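Remember, it's a predicted structure, so these values are computed and weren't measured experimentally. Quick note on labels: first sequence line is chain A, next is B, and so on, each numbered from 1.
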2 protein chains.
Amino acid sequence: MNDDAVFKALADASRRQLLDRLYERNGLTLNALCEDLDMSRQAVAKHLAILEEANLISSEKHGRVKLHFINAVPINGIAERWINKFERRHLNALSALKKALEDEGGQ
Amino acid sequence: MNDDAVFKALADASRRQLLDRLYERNGLTLNALCEDLDMSRQAVAKHLAILEEANLISSEKHGRVKLHFINAVPINGIAERWINKFERRHLNALSALKKALEDEGGQ
DNA sequence: TTGACAGGCAACCATTTGGTTGCTTATAAA
DNA sequence: TTTATAAGCAACCAAATGGTTGCCTGTCAA
C-alpha cells in the first residue's frame, strides 16, 4: 500500500505499456513481454521488478518460465484515496454505487 | 492532455504534497507554499513549474505575487482513461452516473 | 526614491534512473 | 547426457532528476 512506489512505478511509459500488455493478456512470460518492445530483456526484467515491488504485478514461477499477472488493487487504491479527492462533489454518490455494485456482483 | 507529463509530475512526493496544499487552500503564492516545506524556494518553484507544465496547476500573476491554482482536469482524465480500465466491470455504470450528476449539477 | 520583498534565472552538484553488455544458473527437450 | 532456452546477476554508463547557491528583476510601500 505504498502510494509512492505505485506513483513512481506508473511514471514510466514503458512500465505503463507493460501493464497494458498484461491487461489485454494476463500471465505472460518475461520473453513474451519483451516482444517488439525495442528494449533488452534485462531492461524489461528491471521494469517488471519495479512493478512487482510496487505490487502492481505478481508472478509465479513454473519450472523455468515465470508468469506475470497484473494486480489492480494498488491502482484502485490510489484512485480511491488520491484521485477521487479531486472530484469530491461526486465521491459520496460514486463510492456508494461502487460498494453496491461490488456487494451485488461478488469479488 | 499529455499523460506522461502528468504521471511524471505525480511521481514525486513533494509535488503531490504541493497539490495537497493547493487542494485544501487554493490560490497560494510561491512563498506561502514554501512554508514548513524543508526545501528552498527555488526547489519549490521548480516543482510548481513541472506541475504547471503538466497542466496540473495554473497560475496568475498579480503585481509582484503569483497565485497558484489546482486544476483537476488532467487528473480526472487519467482516472477516466487509464485507471478505470482496471475496473471495467463498473466503468459503464460509473460513467453514466457521473455524466448524470454533471448534467444535473452543472460544473 | 529607496528599500524591502516576491519571484525568476542560471550554474552547479550528487544521486537516481533507464538502459546496456557479458556471464551464470536452472530447467526442458533431443 | 548434451544442448537449447528462460531467466537471474552484476558491472557499467549516460542522462535525467531533485536539490543547492548566488545573483538579478520587478513591484509595492515608507
Q: Does D:dA7 have its OP1 or OP2 closer than 4.0 Å to a side-chain nitrogen or oxygen of A:S59?
A: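 No, A:S59 has no side-chain N/O under 4.0 Å of OP1/OP2 on D:dA7.
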Q: Rounded to whole Å, how long is the line connecting atom CG of A:L48 with atom P of C:dG19?
A: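 In whole Å, C:dG19 P and A:L48 CG are 12 Å from each other.
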Q: Measuring only between side-chain heavy atoms, which start at C-beta, is A:L18 closer than 4.5 Å to A:L51?
A: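 The answer is yes; the side chains approach within 4.5 Å.
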Q: Starting at the 5' end of DNA chain D, which residue's closest nucleotide do you reach first, B:V44 or A:A32?
A: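 Final value for this comparison: A:A32.
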Q: Under 4.0 Å between a side-chain N/O of B:N31 and OP1 or OP2 of C:dG7, yes or no?
A: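 Yes.
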Q: Whole angstroms only, please: what is the CG-P distance between A:L33 and D:dG8?
A: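 Between P of D:dG8 and CG of A:L33: 12 Å.
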Q: OG of A:S59 to CG of A:N71: how many Å apart, nearest 0.5 Å?
A: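 So the OG of A:S59 and the CG of A:N71 are separated by 11.5 Å.
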Q: Using 4.0 Å as the upper bound for N to carboxylate O, is an ion pair formed by B:D4 and A:R16?
A: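 Here A:R16 pairs with B:D4 in a salt bridge, since their nearest N and O are under 4.0 Å apart.
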Q: Roughly how far, to the nearest 0.5 Å, is NE2 of B:H47 from CG of B:L37?
A: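 Going from the CG atom of B:L37 to the NE2 atom of B:H47 covers 9.0 Å.
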Q: Out of C:dG19, D:dG18, C:dG8, which nucleotide sits closest to the side chain of A:S14?
A: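 For A:S14, the side-chain atoms sit closest to C:dG19.
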Q: Output the rounded distance in Å from CD (B:E35) to C1' (C:dG7).
A: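 In whole Å, C:dG7 C1' and B:E35 CD are 15 Å from each other.
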Q: What residues form a side chain to side chain contact (heavy atoms under 4.5 Å, CB included) with B:E24, not counting sequence neighbours?
A: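 Partners of B:E24 by the side chain to side chain contact (heavy atoms under 4.5 Å, CB included) criterion come out as none, since no residue qualifies.
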Q: Rounded to the nearest angstrom, tell me the gap between atom NZ in B:K8 and atom C1' in D:dG18.
A: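 Going from B:K8 (NZ) to D:dG18 (C1'), I get 15 Å.
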Q: For B:R16 and D:dG18, what is the distance between atoms CZ and C1' respectively, to the nearest whole Å?
A: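 Value for this atom pair: 14 Å.
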Q: Can you name the atoms? Protein N/O to nucleotides 23-28 of chain D N/O, anything below 3.5 Å, with the distance.
A:
{"residue": "D:dT27", "atom": "O2", "partner": "B:R64", "partner atom": "NH1", "Å": "3.4"}

Q: Please report, rounded to the nearest Å, how far the P atom of D:dA6 is from the CG atom of A:L67.
A: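 Distance check: A:L67 CG to D:dA6 P gives 13 Å.
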Q: Between atom CG in B:L37 and atom C1' in D:dG18, what is the gap in whole Å?
A: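 Checked: the CG to C1' distance equals 14 Å.
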Q: CZ/A:F7 to CG/A:N2 distance, rounded to the nearest 0.5 angstrom?
A: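 A:F7 CZ to A:N2 CG: 10.5 Å, rounded to 0.5 Å.
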Q: Between C:dG8 and B:K66, is there an OP1 or OP2 to side-chain N/O distance shorter than 4.0 Å?
A: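 Answer yes for this pair, as a side-chain N or O of B:K66 is under 4.0 Å from OP1 or OP2.
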Q: By nearest heavy atom, map A:V65 and A:K46 onto DNA chain D; which one lands nearer the 5' end?
A: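 That would be A:V65.
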Q: Expressed in angstrom and rounded to an integer, what is the separation of B:D12 atom CG from C:dT17 atom P?
A: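 In whole Å, C:dT17 P and B:D12 CG are 11 Å from each other.
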Q: Side chain of B:S40: nearest nucleotide among D:dG19, C:dT20, D:dT20?
A: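 Selected nucleotide (nearest to the side chain): D:dT20.
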Q: Could you tell me whether the side chain of B:R15 and the main chain of B:L10 form a donor-acceptor pair under 3.5 Å?
A: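 Not confirmed, B:R15 side chain does not pair with B:L10 backbone.
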Q: Answer yes or no: does a side-chain N or O of A:T29 lie under 4.0 Å from OP1 or OP2 of D:dA6?
A: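 For D:dA6, OP1/OP2 do not have a side-chain N/O of A:T29 under 4.0 Å.
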